[in-house]
Amino acid sequence: METYAANVFDLLKDLERQQARYDLIILDPPSFTKSKGKLGDAMRGYKEIHLRALKLLNTDGLLATFCCSHHVTSEIFKEVINEAAVDAKKTLRQLEYYSQGADHPIVTTIPETEYLKGWLFELAPGR
């Protein structure tokens with residue numbers, strides 16, 4: 001099993017050039033935005049890493065992906081993952097949704113407390 005801790009943009013580009021293929025890719029980048037004003041840049045970054053990661057997955061491969069920015073809602077994050085899947089001509093099946101543990105409670109009146117979100121997707125065959 002290979003593991004990498006690297007600049008995700010550079011690594012994914014290099015792996016794509018090498019035509020590498022994986023059964024499991026985990027994307028757990030640091031927060032791409034510390035402010036709402038940078039949300040557009042962050043979403044472009046998230047889309048790029050998902051697009052590249054999807055191209056590296058084998059058929060039936062798994063993609064686990066996470067976002068830890070409270071500025072990025074789960075709806076917005078999932079939307080950018082779906083956009084990347086469409087651009088990559090891939091179909092994803094959602095297997096799991098993840099959030100932070102009970103020791104970091106989500107307070108419904110304070111949206112910033114819902115900062116961690118993640119999914120496990122399976123790459124569907126046939127596309």
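Keep in mind the model is a prediction, meaning the values are calculated, not measured. In this chain, numbering begins with 1 at the start of the sequence shown.
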Between Phe121 and His50, is the ring centroid distance below 6.0 Å? no
Going through the distances and angles, do Leu123 and Leu63 end up as a side chain to side chain contact (heavy atoms under 4.5 Å, CB included)? CA-CA 8 Å; Leu123 189 60; Leu63 173 66; over 6 Å; no
If you compare all heavy atoms of [X] against all heavy atoms of [Y], which two are closest, and at what distance to 0.1 Å?
X	Y	value
Pro105	Thr113	O-CB, 3.7 Å
Ser74	Tyr97	CB-OH, 3.7 Å
Leu27	Ala53	CD1-CB, 3.9 Å
Cys67	Val72	SG-CB, 3.7 Å
Asp60	Pro125	OD1-CD, 3.7 Å

Keeping the roles fixed (side chain from [X], backbone from [Y]), state whether a donor-acceptor pair exists under 3.5 Å.
X	Y	result
Asn58	Gly61	no
Gln100	Leu116	yes
Lys117	Tyr115	yes
Arg21	Lys55	yes

Between [X] and [Y], is there a shared hydrophobic cluster once you connect ILVMFWY residues whose side-chain heavy atoms come closer than 4.5 Å?
X	Y	value
Ile81	Met43	yes
Phe9	Leu57	yes
Val8	Tyr22	yes

Any Phe77 side-chain heavy atom under 4.5 Å of Trp119 side chain: yes
Leu62 vs Leu95, side chain to side chain contact (heavy atoms under 4.5 Å, CB included): CA-CA, chis, key distance, verdict: CA-CA 9 Å; Leu62 299 175; Leu95 302 178; 3.7 Å; yes
Measuring from [X]:[atom1] to [Y]:[atom2], what's the distance to the nearest 0.5 Å?
X	Y	atom1	atom2	value
Thr65	Leu92	OG1	CG	10.0 Å
Lys89	Leu51	NZ	CG	10.0 Å
Ser69	Tyr46	OG	OH	5.5 Å
His71	Ile76	NE2	CD1	11.5 Å
Ile25	Arg52	CD1	CZ	12.5 Å
Ile49	Leu11	CD1	CG	11.0 Å

Between Arg44 and Glu48, does any side-chain N to carboxylate O distance fall below 4.0 Å? no
So that I can tick it off, tell me whether Asp10 and Lys13 are bridged by a salt bridge, with the cut-off set at under 4.0 angstrom between side-chain N and carboxylate O. no
Check the pair Gln94 / Lys78 against side chain to side chain contact (heavy atoms under 4.5 Å, CB included), numbers first and verdict last. CA-CA 10 Å; Gln94 180 179 323; Lys78 192 171 185 184; 2.5 Å; yes
So with a 6.0 Å cut-off around CD of Glu112, is the heavy-atom count from everything else above 12? yes
